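Working notes for the structure below.
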Amino acid sequence: MKKHLSLFLFIFHSIASAASMKITPIDQHLWLLQGEGGNIVLAAGSNEALLVDSGLYEESANLRATLTELGVANCRWIINTHFHYDHTGGNAFPGATVIATPALRQRLSVPQILWRQQFPAQPESTWPQMSVDERLTLYLGKNEPVEIIAIPGGHTDSDALVFFPHAGVIAVGDIYFAGMYPIVHPEHGGDLLHMIERLKQALALLPANGKVVPGHGPLATRAELADWIAMVEFSLEHVRLARTAGLTLAQLQQSPLPKPLMPYQHGYRTPAQWWETVWKALPQ
């Protein structure tokens, strides 16, 4: 990719671009793009590029403008981490082949309810043209493998992760909200206990200095993901003990917040909502 002066300024300062997307360098050929929707990863080789997720439909023009600013003329592949509209809205990218799990294609092709709001079936131009049932390896350029691994049943039944082994970077979608409590969608096949197992699977792929791109939130380290997993496991055990002691969910929600949970309460879920998520995730 062309590394002109403006690109170095973006990399050095990690500032918001004129297209309203924040650009953060991850590796020599990897960038984190952040707008109003879910996180997007750009991987650029010498003559081709790949996106992990495509953000909101409303930001499609901003996404294309941001790629142009970074010297990327064409996008060969888009890999979706799950079906939600803030990660798949820009899938109708000219010339790009969309890759995802079979469940994701099915979800996009029929109406869905998310946050009690009805969403119509998405245009066929946004549906994946290739599917990954278990694992698929692409090559960016001649020697850059990109591994796509289906990990259904955590956030939704359509989840997948994307691993860049040469860079030691993994994009995991919404099975990880960095610095925040998780969001699980049982109505879409999600399960908190499965989410933890999927994240441990992702953790095992990473080297000690590896980096993690969450579905939302800042770029994270392997250690930060491990701490986040420990927080969720602490929450599960805390609820088990509370039940054994005879507490109700309402009583738990009104009790003081344990110290390990305090750093994560600034996200999309309140502590009370998080306790409810954990309570419902455990066998009744």
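Quick caveat: nothing in here was measured; it's all calculated off a predicted structure. Sequential numbering from 1 along the given sequence is applied to the chain's residues.
- Looking at heavy atoms from C-beta onward, Val41 lies in side-chain contact with Leu30 at the 4.5 angstrom threshold.
- A salt bridge does not link Glu276 to Arg269: none of the charged side-chain nitrogens sits closer than 4.0 Å to a carboxylate oxygen.
- Here Leu33 contributes atom CG and Asn62 contributes atom CG; the two are 11.0 Å apart, rounded to the nearest 0.5 Å.
- No side-chain donor-acceptor contact under 3.5 Å links Glu237 to the backbone of Val232.
- The minimum heavy-atom distance linking Gln118 with Pro111 is given by the pair NE2-CB, 3.4 Å.
- Residues Phe119 and Ile113 form no side-chain contact, since every pair of their non-hydrogen atoms from C-beta on lies 4.5 Å or further apart.
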If you apply the rule salt bridge (charged side-chain N to carboxylate O under 4.0 Å, His left out), what do you find for Asp157 with Arg107, and how did you get there? CA-CA 9 Å; Asp157 57 11; Arg107 290 283 186 183; 2.8 Å; yes

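- Below 30°, between 30° and 60°, or above 60°: for Tyr181 and Tyr264 the angle between ring planes is between 30° and 60°, a tilted geometry.
- Residues Val213 and Val52 form no side-chain contact, since every pair of their non-hydrogen atoms from C-beta on lies 4.5 Å or further apart.
- A distance-only check finds no donor-acceptor pair linking the side chain of Arg198 to the backbone of Gly153 [under 3.5 Å].
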Derivation and outcome, side-chain contact (heavy atoms from CB on, under 4.5 Å), residues Val278 and Lys280: CA-CA 5 Å; Val278 179; Lys280 290 181 177 179; over 6 Å; no

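- Side chain of Glu147 to main chain of Phe164: no donor-acceptor pair is present (N/O by atom type, distance under 3.5 Å, no hydrogens or angles).
- Smallest separation of non-hydrogen atoms from Ser60 and Gly90: OG-CA, 3.6 Å.
- Ring geometry, His238 versus Trp275: the interplanar angle falls under 30°, so the pair is classed parallel (tilted spans 30 to 60°).
- Checked by atom type and distance alone, the side chain of Arg240 never pairs as donor or acceptor with a backbone atom of Leu282 at under 3.5 Å.
- The closest donor-acceptor contact from the side chain of Lys211 to the backbone of Gly168 lies at 3.5 Å or more, if one exists at all.
- Judged by distance alone, with hydrogens and angles left aside, the side-chain atoms of Thr156 form no donor-acceptor pair with the main-chain N or O of Pro152 at under 3.5 Å.
- The two residues Asn80 and Leu104 make their nearest non-hydrogen contact at CB-CD1, 3.5 Å.
- Leu136 and Leu51 fall into different hydrophobic clusters, defined by Ile, Leu, Val, Met, Phe, Trp and Tyr side-chain heavy atoms under 4.5 Å apart, directly or through other members.
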Working for salt bridge (charged side-chain N to carboxylate O under 4.0 Å, His left out), residues Glu233 and Lys200: CA-CA 12 Å; Glu233 291 185 321; Lys200 288 180 178 178; 2.6 Å; yes

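- The closest side-chain heavy-atom distance from Val212 to Val172 is below 4.5 Å.
- Considering CZ of Arg105 and CD of Gln122, their distance stands at 13.5 Å, rounded to 0.5 Å.
- By the 4.5 Å heavy-atom criterion applied to side chains, Ile170 and Val162 are not counted as neighbours.
- Of the inter-residue distances, the one linking His194 atom NE2 with Asp159 atom CG reads 12.0 Å to the nearest 0.5 angstrom.
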Show, in sequence, the C-alpha distance, side-chain angles and deciding distance for Thr24 and Gln34, and conclude whether the side-chain contact (heavy atoms from CB on, under 4.5 Å) test is met. CA-CA 8 Å; Thr24 302; Gln34 293 173 296; 4.3 Å; yes

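- Gln129 places a side-chain N or O within 3.5 Å of a backbone atom of Val98 that can act as its donor or acceptor partner.
- Of the possible polar contacts, none joining the Glu134 side chain to the Val132 backbone as a donor-acceptor pair under 3.5 Å is found.
- Between Trp127 and Leu108, the shortest heavy-atom distance links the atoms NE1-O, 3.6 Å.
- With no hydrogens or angles considered, a side-chain donor-acceptor pair links Ser54 and Asn91 at under 3.5 Å.
- More than 12 heavy-atom neighbours from other residues, nucleotides or ligands sit within 6.0 angstrom of CG on Asp27.
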Step by step, work out the side-chain contact (heavy atoms from CB on, under 4.5 Å) result for Trp31 and Thr66. CA-CA 11 Å; Trp31 291 264; Thr66 301; over 6 Å; no

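- Between Tyr57 and Tyr85, a ring centre-to-centre spacing not shorter than 6.0 Å is recorded.
- Note on Met262 and Ile229: same hydrophobic cluster, where clusters join Ile, Leu, Val, Met, Phe, Trp and Tyr whose side-chain heavy atoms are under 4.5 Å apart, directly or indirectly.
- The distance from atom OG of Ser109 to atom CZ of Phe83, rounded to the nearest 0.5 Å, is 11.0 Å.
- Within the 3.5 Å criterion, the main-chain N or O of Gly55 finds no donor-acceptor partner in the side chain of Asp86.
- Using modelled atom types and a 3.5 Å distance limit, the side chains of Trp274 and Ser235 yield a donor-acceptor pair.
- Side chain of Arg222 to main chain of Gly210: no donor-acceptor pair is present (N/O by atom type, distance under 3.5 Å, no hydrogens or angles).
- Transitive grouping of hydrophobic side chains (ILVMFWY, heavy atoms separated by less than 4.5 Å) keeps Ile78 and Leu50 in distinct clusters.
- Counting heavy atoms from C-beta outward, Gln265 and Thr270 have side chains that stay 4.5 Å or more apart.
- His185 and His188 have parallel rings, their planes meeting at less than 30° on a 0 to 90° scale where 60° marks the start of perpendicular.
- Linking ILVMFWY side-chain heavy atoms closer than 4.5 Å, directly or via other members, places Val184 and Met180 in two distinct hydrophobic clusters.
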Leu205 and Ile149: side-chain contact (heavy atoms from CB on, under 4.5 Å), yes or no, with the steps? CA-CA 11 Å; Leu205 293 171; Ile149 304 172; 3.8 Å; yes

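- Checked options Tyr176, Phe177, Phe234; the residue passing with Trp228 is Tyr176 (criterion: ring-ring contact (aromatic ring centres under 6.0 Å, His included)).
- For Gln251, the CD atom sits in a packed shell: over 12 heavy atoms of surrounding residues, nucleotides or ligands are nearer than 6.0 Å.
- At a threshold of 4.5 Å between non-hydrogen side-chain atoms, the residues Leu138 and Trp77 count as touching.
- Taking both residues in full, the closest heavy atoms of Pro263 and Lys259 are given as CD-O, 3.6 Å, listed atom of the first, atom of the second, then distance.
- Considering His82, His216, His87 as possible partners of His155, the one that fulfils the ring-ring contact (aromatic ring centres under 6.0 Å, His included) test is His82.
- Here Glu197 contributes atom CD and Ile175 contributes atom CD1; the two are 11.0 Å apart, rounded to the nearest 0.5 Å.
- Annotation: side chain of Pro271 is not in contact with side chain of Gln253 (no heavy-atom distance under 4.5 Å).
- Connection of Ile40 to Leu42 is established within a shared hydrophobic cluster, with ILVMFWY side chains joined at heavy-atom distances below 4.5 Å, either directly or through further cluster members.
- Rounding to the nearest 0.5 Å gives a distance of 11.0 Å between CD1 of Ile148 and CZ of Arg135.
- Residues Pro182 and Met195 approach most closely at CB-SD, 3.9 Å, considering heavy atoms.
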